Amino acid sequence: QVQLVESGGGLVQAGGSLRLSCAASGRTFSIATMAWFRQVPGQEREFVAASSWRYGPTYYADSVKGRFTISRDNARKTEYLQMNGLKPEDTAVYYCAASTKTDCCAMTGYEYWGQGTQVTVSS
């Protein structure tokens, strides 16, 4: 089992920045990829970014490319999502996820999920 705990959400004005953190514990050696997804009430959860721990590449949704950066601290087993140039349409609950199998972007490939953290961007 892998446990994920997110932090770092909050309220920010458009154009501002936030950094989300996701601390992994448990069987972290089994993690192949960690990712961030987001969800707006009434809509499907959507892919934001992923970082393959096992193979190296990073992936981003087109909507966040150039503004968001995914990174990790291997020693702390923590994944980060640096969000710059935030827009009101980035407002959502952001979820951290871990997969032992996939290296990218389909929600169904992720077995472990954090509790979610709210990000609200005001205009």
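If you're wondering where the values come from, they're calculated on a predicted model, not measured in any experiment.
- Panel note: side chain S51, backbone T58; no donor-acceptor pair is recorded below 3.5 Å.
- M107 has its side chain out of reach of E44: every pair of non-hydrogen atoms, C-beta onward, lies at least 4.5 Å apart.
- Side-chain atoms of R67 come within 3.5 Å of backbone atoms of G85 as a donor-acceptor pair (strictly under, hydrogens ignored).
- Here the closest heavy-atom approach between residue N84 and residue S17 is recorded as OD1-OG, 2.9 Å.
- No chain of hydrophobic side-chain contacts below 4.5 Å, direct or via other Ile, Leu, Val, Met, Phe, Trp or Tyr residues, connects Y59 to I31.
- Within the structure, ring-ring contact (aromatic ring centres under 6.0 Å, His included) contacts touching residues 89-117 (residues at least two apart or in different chains) are F37-Y110, F37-W113.
- Contact between A14 and P88 at its shortest, heavy atoms only, is CB-CD, 4.1 Å.
- Counting only distance, with no hydrogens or angles, the side chain of E6 and the backbone of L20 share no donor-acceptor pair below 3.5 Å.
- There is a path of hydrophobic side-chain contacts, each under 4.5 Å, that joins V121 to L18.
- For the pair T120/V12, no side-chain contact is recorded, criterion being any heavy-atom separation below 4.5 Å from C-beta on.
- A salt bridge links K65 and D62; the closest N-O separation between the charged side-chain nitrogens and carboxylate oxygens is under 4.0 Å.
- Counted by atom type alone, T91 and E89 present zero donor-acceptor pairs between their side chains at under 3.5 Å.
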- Query: Given the rule in the side-chain contact (heavy atoms from CB on, under 4.5 Å) test, do T117 and V93 qualify, once you have shown the distances and angles that lead to the verdict?
  - Reply: CA-CA 5 Å; T117 185; V93 177; 6.0 Å; no

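- For the pair T28 (side chain) and S25 (backbone), a donor-acceptor distance under 3.5 Å is absent.
- Linking Ile, Leu, Val, Met, Phe, Trp and Tyr residues whenever their side-chain heavy atoms come within less than 4.5 Å leaves Y60 and W53 in two separate clusters.
- Each salt bridge (charged side-chain N to carboxylate O under 4.0 Å, His left out) pair with one or both residues in residues 75-86, not counting sequence neighbours, appears once here: D73-R76.
- Under the 4.5 Å side-chain criterion, counting only non-hydrogen atoms from C-beta, M83 is not in contact with D90.
- Closest approach of A92 to Q118, counting heavy atoms only: O-NE2, 3.4 Å.
- A 6.0 Å sphere centred on CD of Q13 holds no more than 12 heavy atoms belonging to other residues, nucleotides or ligands.
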- Message: Checking R45 against V40 for the side-chain contact (heavy atoms from CB on, under 4.5 Å) test, could you report, in this order, the C-alpha distance in whole Å, the side-chain angles of both residues, the deciding distance, and whether it holds?
- Response: CA-CA 7 Å; R45 197 168 294 187; V40 174; over 6 Å; no

- Task: Go through W36 and V64 one step at a time and tell me if the side-chain contact (heavy atoms from CB on, under 4.5 Å) criterion holds.
- Result: CA-CA 12 Å; W36 292 91; V64 306; over 6 Å; no

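- In summary, the side chains of S71 and Q82 do not present any donor paired with an acceptor at a separation below 3.5 Å, with no hydrogens or angles considered.
- The distance from the CE atom of M34 to the CZ atom of R72 is 9.5 Å, given to the nearest 0.5 Å.
- Two residues are said to be in side-chain contact when any heavy atoms from C-beta on lie closer than 4.5 Å; V2 and S30 meet this criterion.
- Residues L81 and V48 share a closest heavy-atom pair of CD2-CG1, 4.2 Å.
- I70 and F47 are not part of a single hydrophobic cluster, where members link through side-chain heavy atoms under 4.5 Å apart.
- Side chain of S21 to backbone of Y80: no donor-acceptor contact under 3.5 angstrom is found.
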